[in-house]
Amino acid sequence: MAIAEEKKLQSYCLDTAKRARHASTQLGLLSGDIKNRWLKTSGQMLCDRSEELLAANVCDLEAAPGFGLTEAQSDRLRLTPERIESIAEGMRQVAKLPEPIGEIIETTIRPNGLKIQKVRVPLGVVFFVYESRPNVTADAAALCLKSGNAVILRGGKEAAHSSRAIVEILIAAAKQTGVPEDAVQLVATPDREAVGYFLSMPEWIDLAIPRGGAGLIKRVAAEAQMPVIKHFSGNCHVYVDADANQKMAEAIVVNAKCQRMGVCNAAESLLVHSDVADSFLPNICQRLSDEGVEIRGDEKTVSLFSSARRATDEDYRAEYLGPVISVRVVPSLEDAIDHINRFGSGHTDAIVTEQSSTAEKFAAEVDTAAVIINASTRFNDGGEFGLGAEIGISTDKFHARGPCGLKELTSYKYIVYGEGQTRT
């Protein structure tokens, strides 16, 4: 890059960050009513202008093969009238959530009479880097603005036209409702160097959130000079216990793997207790195979289902995001837990069992963001958890874990009320 071009890009990034910081100070003073009005207006305008959104999305879909997108990735990129309505409804749902900013988390009265309140406040400016899912553009903007944060959106080039069209609508809604226009900004350049510049601005940006492939997340984690919320992968497990209801287990496994394969909370690994392997595995492997899923299993699995391929350790670590699942027969609950803690990614892990003590042990000992008992892994989702939407599902342990909604995008401060007290 020529020196003049580099300086121009750096100046653009700095100006964007400064405008976001200014907007964030204004946002912190807005009432919940104004923010909710923006959310509802945005949702309505997305529906009213759906034709232009679909036209923009066609441009992205036509370019998708040139970017090497898989069928699953193209599906995540695609907008339809139904998906646009779902995006709009997501914004309406966020508007219905309680206002987080100003919430008094706790109050204590000290022996000297000081009243100490812990009060929820915005983080400030969020830099959100994500790949080819246009709906994420609206979800992230909705959550950031409702929680009082300005957001700088750096979407993937695969969804550039769709994301730009969505953000233009969100800014138009901001103009109508008294929300700072710079509260939602989309990075206008596809230059990868821009990401590095934003990540080097901790004085203007308070939090970075990467959402996408492992390469993107590792880069952001390595370069960011501000805190990062991230998840590296979604290697989610379903463990079918000796005391499982097998009919229930079949339905859960098929849903967890097949309902939508290209998402991070889809099941990638199946563990089955050896006591029920002979009766359970042939049926579930056939059902998965009928859905087009390739089985990669251990020796016992291959002996029970001849179409299965032998699995390697890399298979047990893999996030396939497609029609492949790894399978292992385990002799005990403890072995299932050990397997998950060794190979899992700390995203979502499920158990199917009728024994409450077994479920409790699994929940206590599996090191994961979400334990699901007798239900599909697909429920680890901001909307399904009642968060309205999510900006990502964190596999970190600090400062947020699991689906990140409004409260995960806030901090707090202490406000102390006195009557002239002095310290002795």
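Please read these numbers as outputs of a predicted model, since none were measured by experiment.
Side chain of Glu99 to main chain of Ile101: a donor-acceptor pair is present (N/O by atom type, distance under 3.5 Å, no hydrogens or angles). A distance-only check finds a donor-acceptor pair linking the side chain of Gln421 to the backbone of Asn112 [under 3.5 Å]. Lys257 contributes a side-chain N or O that, together with a main-chain N or O of Gly322, makes up a donor-acceptor pair within less than 3.5 Å. No donor-acceptor pair closer than 3.5 Å links the side chain of Asp243 to the backbone N or O of Thr353. A distance-only check finds no donor-acceptor pair linking the side chain of Asn255 to the backbone of Ser376 [under 3.5 Å]. Checking side-chain atoms of Ser147 against main-chain N and O of Leu143 turns up a donor-acceptor pair under 3.5 Å. In this structure, Glu62 contributes its side chain and Cys59 its backbone to no donor-acceptor pair below 3.5 Å. Panel note: side chain Trp38, backbone Leu170; a donor-acceptor pair is recorded below 3.5 Å. Between the side chain of Ser394 and the main chain of Ala400, a donor-acceptor pair closer than 3.5 Å is present.
Taken to the nearest 0.5 Å, the CD atom of Glu268 stands 11.0 Å off from the CG atom of Asp315. From Gln176, atom CD reaches atom CD1 of Ile171 across 13.0 Å, with rounding to the nearest 0.5 Å. Distance check: Asp381 CG to Leu387 CG gives 8.5 Å after rounding to the nearest 0.5 Å. How far CZ of Arg317 is from OG1 of Thr312: 9.0 Å, rounded to the nearest 0.5 Å. Atom CD1 of Ile391 and atom CG of Asn149 lie 8.5 Å apart (nearest 0.5 Å). If you take CD1 on Ile209 and OH on Tyr130, they are separated by 12.5 Å, rounding to the nearest 0.5 Å.
A donor-acceptor contact under 3.5 angstrom links the side chains of Gln93 and Glu89, judged on distance only. For the 3.5 Å distance criterion, the side chains of Lys146 and Asn36 qualify, holding a donor opposite an acceptor. Under the 3.5 Å distance criterion, with hydrogens and angles disregarded, a donor-acceptor pair is assigned to the side chains of Thr137 and Ser163. In summary, the side chains of Thr368 and Asp349 do present a donor paired with an acceptor at a separation below 3.5 Å, with no hydrogens or angles considered. Ser326 and Ser269 share a side-chain donor-acceptor pair at under 3.5 Å. Checking Glu384 against Asn380 by side-chain atom types alone, no donor-acceptor pair falls below 3.5 Å. Neither side chain, Asn265 nor Thr377, offers a donor N or O lying under 3.5 Å from an acceptor on the other. Asn235 and Tyr320 share no donor-acceptor pair across their side chains, judged by distance under 3.5 Å alone.
Here Glu131 does not pair with Arg133 in a salt bridge; the nearest charged N to carboxylate O distance is not below 4.0 Å. Ionic pairing of Asp15 and Arg19 is present here: one or more N-O contacts between side-chain nitrogen and carboxylate oxygen are shorter than 4.0 angstrom. Remark: Glu223 engages Arg219 in a salt bridge, criterion side-chain N to carboxylate O under 4.0 Å. Comment: Glu158 does not engage Arg76 in a salt bridge, judged by the lack of any side-chain N to carboxylate O separation of less than 4.0 angstrom. With respect to the salt-bridge test (charged N to carboxylate O, under 4.0 angstrom), the residues Glu250 and Lys247 do not qualify. At a threshold of 4.0 Å, the pair Glu291-Arg287 does not count as salt-bridged, since none of the basic side-chain nitrogens sits closer than that to a carboxylate oxygen. Taking the charged nitrogens against the carboxylate oxygens, Glu408 and Arg401 have no contact shorter than 4.0 Å, which rules out a salt bridge.
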What verdict does the salt bridge (charged side-chain N to carboxylate O under 4.0 Å, His left out) test give for Glu365 and Lys361, after you've listed the backbone C-alpha separation in whole Å, the side-chain angles of each residue and the deciding distance to 0.1 Å?
CA-CA 6 Å; Glu365 298 184 19; Lys361 180 177 176 66; 2.7 Å; yes
Would Lys230 and Lys218 count as a side-chain contact (heavy atoms from CB on, under 4.5 Å) here? Give the steps.
CA-CA 9 Å; Lys230 61 189 180 298; Lys218 287 178 180 177; over 6 Å; no
Check step by step if side-chain contact (heavy atoms from CB on, under 4.5 Å) holds for Arg328 and Val330.
CA-CA 6 Å; Arg328 173 169 279 176; Val330 292; 4.1 Å; yes
Quick one, Arg260 with Asp75, criterion side-chain contact (heavy atoms from CB on, under 4.5 Å). Give me CA distance, side-chain angles, the key distance, then yes/no.
CA-CA 10 Å; Arg260 197 171 178 189; Asp75 176 64; 3.8 Å; yes
Are Asp206 and Arg21 close enough, and set up right, to give a salt bridge (charged side-chain N to carboxylate O under 4.0 Å, His left out), and what steps lead you there?
CA-CA 9 Å; Asp206 299 283; Arg21 172 63 73 196; 2.9 Å; yes
Intermediate values then yes/no, side-chain contact (heavy atoms from CB on, under 4.5 Å), Phe280 and Val240
CA-CA 9 Å; Phe280 182 74; Val240 179; 3.8 Å; yes
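Below 30°, between 30° and 60°, or above 60°: for Tyr316 and Phe343 the angle between ring planes is between 30° and 60°, a tilted geometry. Between Tyr239 and His273, the two ring planes are tilted [angle within 30° to 60°].
Between Ala375 and Ala350 the shortest heavy-atom distance is O-CB, 3.8 Å. Of all heavy-atom pairs spanning Met226 and Ala208, the tightest one is CG-N, 3.8 Å.
Counting heavy atoms from C-beta on, the side chains of Ile284 and Val254 come closer than 4.5 Å.
Screening Ile84, Ile87, Ile169 against Ser50 for a side chain to side chain contact (heavy atoms under 4.5 Å, CB included) leaves a single residue, Ile84. Put simply, the residue from Asp367, Asp313, Asp335 that forms a salt bridge (charged side-chain N to carboxylate O under 4.0 Å, His left out) with Arg342 is Asp313.
Around atom NZ of Lys118, more than 12 heavy atoms belonging to other residues, nucleotides or ligands sit under 6.0 Å away. Remark: Arg110 CZ is loosely packed, at most 12 non-hydrogen atoms of other residues, nucleotides or ligands lying under 6.0 Å away. With a 6.0 Å radius and a threshold of 12 heavy atoms from other residues, nucleotides or ligands, Tyr412 has its OH atom at or below the threshold. Under a cut-off of 6.0 angstrom, the local environment of CD in Glu419 is sparse, with at most 12 non-hydrogen atoms contributed by other residues, nucleotides or ligands. Heavy-atom neighbours of His22 NE2 from other residues, nucleotides or ligands within 6.0 Å: at or below the threshold of 12. Glu203 CD: more than 12 foreign heavy atoms inside a 6.0 Å radius.
A cation-pi geometry, defined here as NZ or CZ lying under 6.0 Å from the six-membered ring centre and within 45° of its normal, does not hold between Arg211 and Phe128.
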